[in-house]
K.L.:
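A single structure is presented below for examination.
Below, each value reflects all heavy atoms present in this structure, side chains not excepted, and no hydrogens, waters or symmetry copies. Bear in mind the structure is a predicted one, so any value in this text is a computation, not a measurement. Protein chains get the first letters and strands the later ones, always in sequence-line order, with residue 1 at the start of each.
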Amino acid sequence: DAGVIQSPRHEVTEMGQEVTLRCKPISGHDYLFWYRQTMMRGLELLIYFNNNVPIDDSGMPEDRFSAKMPNASFSTLKIQPSEPRDSAVYFCASSLPASGGYEQYFGPGTRLTVT
Amino acid sequence: SQQGEEDPQALSIQEGENATMNCSYKTSINNLQWYRQNSGRGLVHLILIRSNEREKHSGRLRVTLDTSKKSSSLLITASRAADTASYFCATGGDSWGKLQFGAGTQVVVTP
């Protein structure tokens, strides 16, 4: 298995631009998570999906952030418009807790820099 | 807010020594997990311990869980330079799949 795939690995954009981050979970996993990691705030859960349906988006910082999961093998996290304080590493993770495997498998992350 | 708090924040040891880090949490849990993150990489799952378990081993890793004290410890025995990483505890509660991560312990193992 290729693991969780994220793209792009690095993104540099100017303030005000739209940014779209992409994630492909591990095949068969029915939970997908988006996290943000910064030095100041650590690892924060932004939103998670179960069977493509958003379950908890209470971690999404504001309306500029949106996430979708149109099918079981693809999810996007969009920031529009982006701001310098959005600079962080964004991780996607997937899991299959119904099998008893509560562990999450993380992708390599997308390092976002907003100038 | 973070559920788990790791202690110490940073740990520096020499190869061959043991490394111990602790995690305290606030609310009841279903399971507690430990993850490792190498610099510039994603988190990697190390070990999971369920709320009805007290100790678990995996290779050079030993995890203990004391639900009465709401705390867990991770012991890495005979550390190697490759163990240099940040280690995070994560707690799982009622919401299936959802985890809350601590701030992490940064471990440096020098040859």
Side-chain angles (χ1 to χ4, degrees), chain A residues 2-7 9-10 21 23-26 28-59 69 88-111, chain B residues 1-10 21 23-25 27-53 56 58 61 63 65 72 74 85-106:
Chain A
V4 176
I5 298 172
Q6 291 187 248
S7 66
R9 292 294 310 276
H10 301 274
L21 312 181
C23 174
K24 177 179 168 56
I26 292 174
H29 282 191
D30 59 356
Y31 275 76
L32 183 139
F33 306 83
W34 282 102
Y35 292 91
R36 177 172 69 176
Q37 187 178 39
T38 61
M39 290 293 292
M40 290 294 293
R41 299 175 67 89
L43 193 65
E44 302 174 274
L45 175 65
L46 300 177
I47 184 171
Y48 75 97
F49 296 83
N50 176 222
N51 290 322
N52 313 337
V53 176
I55 302 300
D56 184 349
D57 65 354
S58 59
M69 193 164 186
V89 181
Y90 290 81
F91 290 103
C92 175
S94 68
S95 71
L96 185 61
S99 68
Y102 295 98
E103 61 268 29
Q104 295 185 8
Y105 294 82
F106 281 73
T110 295
R111 182 173 295 276
Chain B
S1 62
Q2 289 172 337
Q3 157 83 310
E5 297 289 336
E6 285 94 339
D7 170 57
Q9 290 186 329
M21 59 210 85
C23 171
S24 60
Y25 57 91
T27 60
S28 63
I29 62 171
N30 171 281
N31 66 88
L32 186 144
Q33 305 179 33
W34 287 91
Y35 288 77
R36 183 189 72 226
Q37 184 179 32
N38 291 91
S39 180
R41 302 286 189 94
L43 279 73
V44 174
H45 179 262
L46 294 176
I47 194 166
L48 178 152
I49 187 166
R50 298 182 190 278
S51 58
N52 61 353
E53 298 175 311
K56 207 160 183 182
S58 177
L61 305 179
V63 170
L65 178 64
S72 172
L74 171 67
S86 292
Y87 293 82
F88 295 86
C89 70
T91 53
D94 293 334
S95 299
W96 263 35
K98 182 177 179 179
L99 296 175
Q100 286 194 285
F101 284 82
T105 292
Q106 191 169 12

K.L.:
Going from CZ on Phe88(B) to CD on Gln37(A), what distance comes out if it is rounded to the nearest 0.5 angstrom?
P.N.:
5.0 Å

K.L.:
Might you confirm whether atom CD of Glu53(B) has over 12 heavy atoms from other residues, nucleotides or ligands at distances under 6.0 Å?
P.N.:
yes

K.L.:
To the closest 0.5 Å, what do you measure between CZ (Phe106(A)) and CZ (Arg41(B))?
P.N.:
15.5 Å

K.L.:
What part of Asn50(A) lies closer than 4.5 angstrom to a heavy atom of chain B: side chain, backbone, both or neither?
P.N.:
neither

K.L.:
Give the intermediate values and the outcome of side-chain contact (heavy atoms from CB on, under 4.5 Å) for residues Phe91(A) and Gln37(B).
P.N.:
CA-CA 12 Å; Phe91(A) 290 103; Gln37(B) 184 179 32; 3.4 Å; yes

K.L.:
Tell me, side chain or backbone of Gln6(A) under 4.5 Å from chain B's heavy atoms, or both, or neither?
P.N.:
neither

K.L.:
With rounding to the nearest 0.5 angstrom, report the CG to NZ distance, Leu45(A) to Lys98(B).
P.N.:
6.0 Å

K.L.:
Ignoring hydrogens and angles, tell me if any N or O in the side chain of Tyr35(B) forms a donor-acceptor pair with the backbone of Gln104(A) under 3.5 Å.
P.N.:
yes

K.L.:
Just wondering, are more than 12 heavy atoms of other shown residues or ligands nearer than 6.0 Å to CD in Glu44(A)?
P.N.:
yes

K.L.:
Can you tell if the side chain of Tyr35(A) reaches within under 4.5 Å of the side chain of Leu43(B), non-hydrogen atoms only?
P.N.:
no

K.L.:
Against Glu103(A), only a single residue in Leu46(B), Leu48(B), Leu99(B), Val44(B) fulfils side-chain contact (heavy atoms from CB on, under 4.5 Å); can you say which?
P.N.:
Leu48(B)

K.L.:
Which heavy-atom pair separates Arg50(B) from Tyr102(A) by the least distance, and what is that distance?
P.N.:
NH1-CE1, 3.1 Å

